Amino acid sequence: MLLYKQQVELSFGEHRFRLILDEEASCIRVEVLVPTALVILETLSQLVSEMLLEYMPGLDYVFGVPVDGGARSEGYKHYGGSLLRLDGCEGLKAKVENNEDLTVDGSKRLSADVLRQLFHGVLPQSGLQDNYEVFISYRQGGFDAELASAIHQKLSREIVNGSPVRVFWDRICLQPGRDFSEDFLASLTRTQVAMPIVSSAALKRMFDLDWNSPRDNLFMEWLCILQLLESQQLKACVPVMLGPKIDHPDSLKIVRSLFSDKAIDKLPDIIVQSVVEDARRMLQSHGVVLTDRIAQMGVQQVVKSILNHQGVKGWDVGSPHGFSASPKEAEMAGKQSIIMSCVKTVKHCIYNNPVPTGSSLQHSNSTIAESQSPLTPDQSAAAGAQEVNEAMEKSKLEGEQEWIRAEREKISGEWVKIAEEWSKIQQEWAKLESARKQLHPPSLEAGTTDQNPGPASASIPEGSKPNQPPDRTASTSSGVCSIT
């Protein structure tokens, strides 16, 4: 932090900026020193709101942006132009989100597309970009879609190598009226890192695929990802692996292992010819040839090949020491841990410019491979299949261990329930015994004692014969039935 009389230079992580007291304009000027102002504005907004709420609850504030986009080389020390309100129903963000025109300087109208280009530094990413660092591939609906949205929101605000990370997320990138399948593949071919979300829920839709099934867009995306990795147009693949959700988590672990429910083993090992032909045609339109090795992969082999790349295992998120929270708080914290792990892993891939395959097995064997003669296509296919099988055997072992842990948790839970039920029985018995003593106080005659027969024993009242049932009387006033 650099502090001067009328200005201070600060940073939120890599997001550097200056706060300058502008007495001429009666405002505080924010000079952003990085390509995107999103994190800076969001954090400042939160801090200012908290401060005003505590110290000046009647005061409000507003962010204004110069009409020229805020990119003047000479700066804005003596700026006399207009400012556009950033937030609010008539603000810049709302106009762009609703694809509405905005009138500036009284008469000049700017379309939403022009606004996106002019004010890209203060607006969230939207629309199609020329290139992307990350492509999120996921199944629509449920937790997968929720996670994809959160990953996009966090990752698109990060800065790598001095530039904001451009993330393809179909909800904001695909535009109405355009061929979405064409746009998604065009974006995928211009991406560095693919991030497929592979979950138990996503795989369920693939259980019933056959050779002539209608197009499964997610499966076709994964097929194209494998081809683009092989043709070295993608630098890396970072799968996000999620097993079944834990309904009531008590730690940061909110999902089980992807291999715990045997979902991968349930996938058909057949070639979906209809999807293969669609993928071949779409890839060819972008100058990419679908090789026979990829085209001859069955559903199960495609998924296994995706999982053969190093990625993020959602069930590996552990609880910090002393972590204790309600199920809702645990789920929120667990989700944030998965998101941060995804962001960290992808940024590492972009920083280090990894080899196209991204496979840990291929990384470890790269030095050996350089000293050997090139492999034939059949040898390459056999080697790739062996790597996939070895990785899947390891994954199956992890799944078996996860299943054993889950069964132990179930058994422990049953024992807890039994202990709770037994405790309830003892409490009820104590109440009955207390009521019995109130209705029949112990004799005060010398030599007599009041003994509690206990829940597992019974006594024969005095004066009754062993083969005769005892007299039974009920106290209606207390509502307790007493056996004497």
Side-chain angles (χ1 to χ4, degrees), residues 35-36 38 113 116-117 120-121 123-138 140 148-149 151-198 215 217-240 275-276 278-291 294-295 302 305-306 309 311 342-343 345-359:
T36 175
L38 291 177
D113 289 337
R116 288 190 186 95
Q117 296 176 2
H120 64 88
L123 294 173
Q125 296 178 16
S126 62
L128 292 170
Q129 307 290 326
D130 293 335
N131 296 284
Y132 294 95
E133 278 71 41
V134 183
F135 184 101
I136 303 176
S137 175
Y138 69 102
Q140 295 283 350
S149 173
I151 291 173
H152 168 265
Q153 183 177 19
K154 177 64 179 175
L155 195 54
S156 62
R157 284 157 171 74
E158 295 292 322
I159 295 177
V160 175
N161 299 329
S163 301
V165 179
R166 289 160 297 186
V167 184
F168 180 90
W169 179 45
D170 61 346
R171 294 293 298 275
I172 65 165
C173 293
L174 296 181
Q175 300 174 345
R178 293 177 59 92
D179 185 345
F180 76 90
S181 59
E182 170 63 25
D183 285 344
F184 105 79
L185 186 60
S187 301
L188 184 57
T189 58
R190 300 194 298 265
T191 298
Q192 292 186 40
V193 181
M195 177 175 277
I197 298 179
V198 186
R215 179 195 293 179
N217 289 322
L218 185 64
F219 178 66
M220 188 171 69
E221 286 179 17
W222 294 357
L223 194 69
C224 292
I225 286 172
L226 291 177
Q227 182 57 63
L228 293 172
L229 286 168
E230 184 167 289
S231 61
Q232 300 187 3
Q233 290 187 250
L234 274 173
K235 291 182 178 180
C237 175
V238 181
V240 182
V275 174
V276 170
D278 283 345
R280 189 192 305 277
R281 175 180 52 79
M282 295 174 63
L283 286 168
Q284 189 173 5
S285 67
H286 291 275
V288 181
V289 176
L290 182 65
T291 61
I294 303 297
V302 168
S305 298
I306 289 288
H309 296 79
C342 292
V343 171
T345 304
V346 169
K347 288 181 68 176
H348 179 77
C349 286
I350 300 173
Y351 269 127
N352 292 278
N353 193 20
V355 297
T357 57
S359 169

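Keep in mind that what you see is a predicted model, and the values were worked out from it rather than measured.
Across Pro239 and Cys237, no two heavy atoms sit closer than the pair CD-O, 3.4 Å. Minimum interatomic distance between Pro35 and Ser163 (heavy atoms only, all atoms of both residues): CG-CA, 4.1 Å. Nearest heavy-atom pair, Ile197 versus Trp222, reported as atom, atom and distance to 0.1 Å: O-CZ2, 3.7 Å. Ala295 and Arg280 get closest at one heavy-atom pair: CB-NH2, 3.9 Å.
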Side chain to side chain contact (heavy atoms under 4.5 Å, CB included) evaluation trace for Val167 with Ile136: CA-CA 7 Å; Val167 184; Ile136 303 176; 3.7 Å; yes
Test log, rule side chain to side chain contact (heavy atoms under 4.5 Å, CB included), inputs Val343 and Glu158: CA-CA 9 Å; Val343 171; Glu158 295 292 322; 3.9 Å; yes
Side chain to side chain contact (heavy atoms under 4.5 Å, CB included) evaluation trace for Tyr132 with Leu188: CA-CA 8 Å; Tyr132 294 95; Leu188 184 57; over 6 Å; no
Chi angles and distances behind the side chain to side chain contact (heavy atoms under 4.5 Å, CB included) call for Met195, Val240: CA-CA 7 Å; Met195 177 175 277; Val240 182; 3.7 Å; yes
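Arg190 contributes a side-chain N or O that, together with a main-chain N or O of Asp130, makes up a donor-acceptor pair within less than 3.5 Å. Counting only distance, with no hydrogens or angles, the side chain of Gln227 and the backbone of Thr291 share a donor-acceptor pair below 3.5 Å.
The line from CG of Leu38 to CD of Gln153 is 10.0 Å long, rounded to the nearest 0.5 Å. For the atom pair CG (Asp113) and CD (Gln117), the distance works out to 7.0 Å, reported to the nearest 0.5 Å. In this structure, Gln233 CD and Ile225 CD1 are separated by 13.0 Å, a value rounded to the nearest 0.5 Å. Considering CG of Leu223 and CG of Leu283, their distance stands at 8.0 Å, rounded to 0.5 Å. A distance of 10.0 Å separates CD of Glu230 from OG of Ser305, quoted to the nearest 0.5 Å. Rounded to the nearest 0.5 Å, atoms NE2 (His309) and CG (Leu234) are 9.5 Å apart.
For His286, the NE2 atom is densely surrounded, since the number of other residues' heavy atoms within 6.0 Å is greater than 12. The environment of Arg215 atom CZ is dense: over 12 non-hydrogen atoms of other residues, nucleotides or ligands sit within 6.0 angstrom. Within 6.0 Å of the CD atom in Gln140, the count of heavy atoms belonging to other residues, nucleotides or ligands exceeds 12. When the shell of 6.0 Å around CG of Asn161 is examined, it contains more than 12 heavy atoms from other residues, nucleotides or ligands.
You'll find the side chain of Met220 reaches within 4.5 Å of the side chain of Met282, heavy atoms only. Residues Ser137 and Phe135 meet the side-chain proximity criterion, which asks for heavy atoms closer than 4.5 Å. Two residues are said to be in side-chain contact when any heavy atoms from C-beta on lie closer than 4.5 Å; Ser285 and Glu182 meet this criterion. Side-chain contact between Gln125 and Thr36 is absent, with no heavy atoms from C-beta onward closer than 4.5 Å. Between Cys349 and Val238 there is a side-chain heavy-atom pair separated by less than 4.5 Å. For the pair Ile159 and Val165, the minimum side-chain heavy-atom distance is 4.5 Å or more. Counting heavy atoms from C-beta on, the side chains of Phe184 and Glu221 come closer than 4.5 Å. Inter-residue side-chain proximity for Ser156 and Pro164 is flagged as unmet; no heavy-atom pair is nearer than 4.5 Å.
No side-chain donor from either of Glu133 and Thr191 sits under 3.5 Å from a side-chain acceptor of the other.
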